[in-house]
Number of protein chains: 2
Amino acid sequence: MKNIKPKLIALFKEGYCTPQIARIAREINEPSATIHYNIKKMEKEDAIRTYKAVFDYKKIGEGFCVYILLKLTAEAGANPDMIANELARNKAIESVDLLAGEMDVIMKVRAKDQDEFYELLRSLLARKEIERSTSMISLRQVKSEFVLL
Amino acid sequence: MKNIKPKLIALFKEGYCTPQIARIAREINEPSATIHYNIKKMEKEDAIRTYKAVFDYKKIGEGFCVYILLKLTAEAGANPDMIANELARNKAIESVDLLAGEMDVIMKVRAKDQDEFYELLRSLLARKEIERSTSMISLRQVKSEFVLL
DNA sequence: TTAGATAACTGAACATTAATCAAATCTTAG
DNA sequence: CTAAGATTTGATTAATGTTCAGTTATCTAA
């Protein structure tokens, strides 16, 4: 047994998919060469970043989902981009945004369960630039990445 | 001019993409029939929900991104699923989660600009089940849908 | 308004890829 | 050990994406 599944999950999280030109052409009743032309144009303009899979995260062992708000120290808060970029590299983090208002950063993280989340949180909050944080645990994911679950 | 672009955006937000089996096979050095078998298995198990595009949302006129927290009334809070499902139907809403703790719902919405967001917010908050809300405006989207921006 | 230039569209030929299938191999439970 | 089921794989077939040249539409400047 080759255990292909985790490799597929890793690849599909960020890409390795492609548009179904023929199906779209049928759906909106246009020639497939026209669809092809328009898609390539959007790709060239960088309006499309990638094509990827959306998972049932429970079924791939990432069912525990939490939103974390961060308040940075005064110094770090003046230049939050660097910290945000470093956080964003973490594979468990689905999204990172810099915020206006009371808190500086919001991120959405996925883990297997509470225990795995706790370890993740500990490692994330180990940075000295973080003054405090609040976690909001998702009890039910109704929609994610524009897809109803 | 046929204005295909908005149709493509609508289709790509939720699907109309497919895995690149041959490319994955090359990447991880396995026969493409094996990759095909494993992907179909994951699809059958419903571990994969869909294949979709990720956009540079600024470039498709959805650059204004906000997280909204909702506190429901006591009655509605006892059964928040129905309200969450209704909210999730809105095309401008990227994600909806039910929360543990102080607030009941968090959602991520995308609009063209502040004006469009204001109209959206007004329509969303018109529901009598919502006791109060807080909006957190994203100043910079560092990562979204597992994709670095 | 018009001519020229550029962008968008499209059918047809071609290249690549996905899907299928049958045989071989591996895994598991009794 | 053995039988049943799951996984892997090469080879064939079906379907799809890509290219290109010719057409049509749109835009720009005189």
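Convention: sequence-line order gives letters A, B, ...; per-chain numbering from 1.
Taking only side-chain atoms of B:Gln20, from C-beta outward, the nucleotide of D:dG17, C:dA18, C:dT10 with the closest atom is C:dA18. Proximity note for A:Arg26 (side chain, C-beta onward) versus D:dT16, D:dT18, D:dT7: the nearest is D:dT16. When each of C:dA18, C:dA19, D:dG10 is scored by its nearest atom to the side-chain atoms of B:Ala33, the top-ranked nucleotide is D:dG10. Checking D:dG10, C:dA18, D:dT7 against the side-chain heavy atoms of B:Lys41 singles out D:dT7 as nearest. Side-chain proximity of A:Lys2 to the nucleotides C:dT17, C:dT10, D:dT9 is greatest for D:dT9. Considering only the side chain of A:Glu30, C:dT10 comes nearest among D:dG17, C:dA8, C:dT10. For A:His36, the listed nucleotide lying nearest its side chain is D:dG17; candidates were C:dT20, D:dG17, D:dT8.
In summary, A:Glu119 and A:Lys112 do not engage in a salt bridge, as defined by a charged side-chain N under 4.0 Å from a carboxylate O. Salt-bridge formation is not detected for the pair B:Lys52/B:Glu14: no Lys NZ or Arg NE/NH1/NH2 atom is positioned less than 4.0 Å from an Asp or Glu carboxylate oxygen.
Contact annotation: B:Lys40 side-chain N/O to C:dT20 OP1/OP2 distance is not under 4.0 Å. The phosphate of D:dT8 has neither OP1 nor OP2 within less than 4.0 Å of any side-chain N or O from B:Tyr37. At C:dC9, one or more side-chain N or O atoms of A:Asn38 fall inside 4.0 Å of OP1 or OP2 (strictly under the cut-off).
We find that CD1 of B:Ile39 is positioned 15 Å from C1' of D:dT8, with the value rounded to whole Å. A:Met1 places its CE atom 7 Å from the P atom of D:dT7, with the value rounded to the nearest Å. Protein atom CZ of A:Arg23 is 14 Å distant from nucleotide atom C1' of C:dA18, rounded to whole Å. Regarding A:Lys5, its NZ atom lies at a distance of 17 Å from the C1' atom of D:dT8, rounded to whole Å. Atom CG of B:Asn29 is separated from atom C1' of D:dT8 by 15 Å (rounded to the nearest Å). The OH-C1' distance, from B:Tyr51 to C:dA18, rounds to 12 Å in whole Å. To the nearest angstrom, P of C:dC9 lies 9 Å from CD1 of A:Ile35. Rounded to an integer number of Å, the gap from CD1 of A:Ile24 to C1' of C:dC9 is 17 Å.
Under the salt bridge (charged side-chain N to carboxylate O under 4.0 Å, His left out) test applied with B:Glu45, the options A:Lys59, A:Lys58, A:Lys5 reduce to a single match, A:Lys5.
Between B:Asn3 and B:Ile21, the residue whose closest nucleotide on DNA chain C is further toward the 5' end is B:Asn3. Across the interface with DNA chain D, nearest-nucleotide mapping of B:Pro31 and A:Pro19 shows B:Pro31 to be the residue nearer the 5′ end.
Aromatic rings from B:Phe12 and A:Tyr51 are positioned such that their centres are separated by under 6.0 Å.
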Residues B:Asp81, A:Arg140; criterion salt bridge (charged side-chain N to carboxylate O under 4.0 Å, His left out); working and verdict | CA-CA 9 Å; B:Asp81 291 75; A:Arg140 198 166 88 82; 2.5 Å; yes
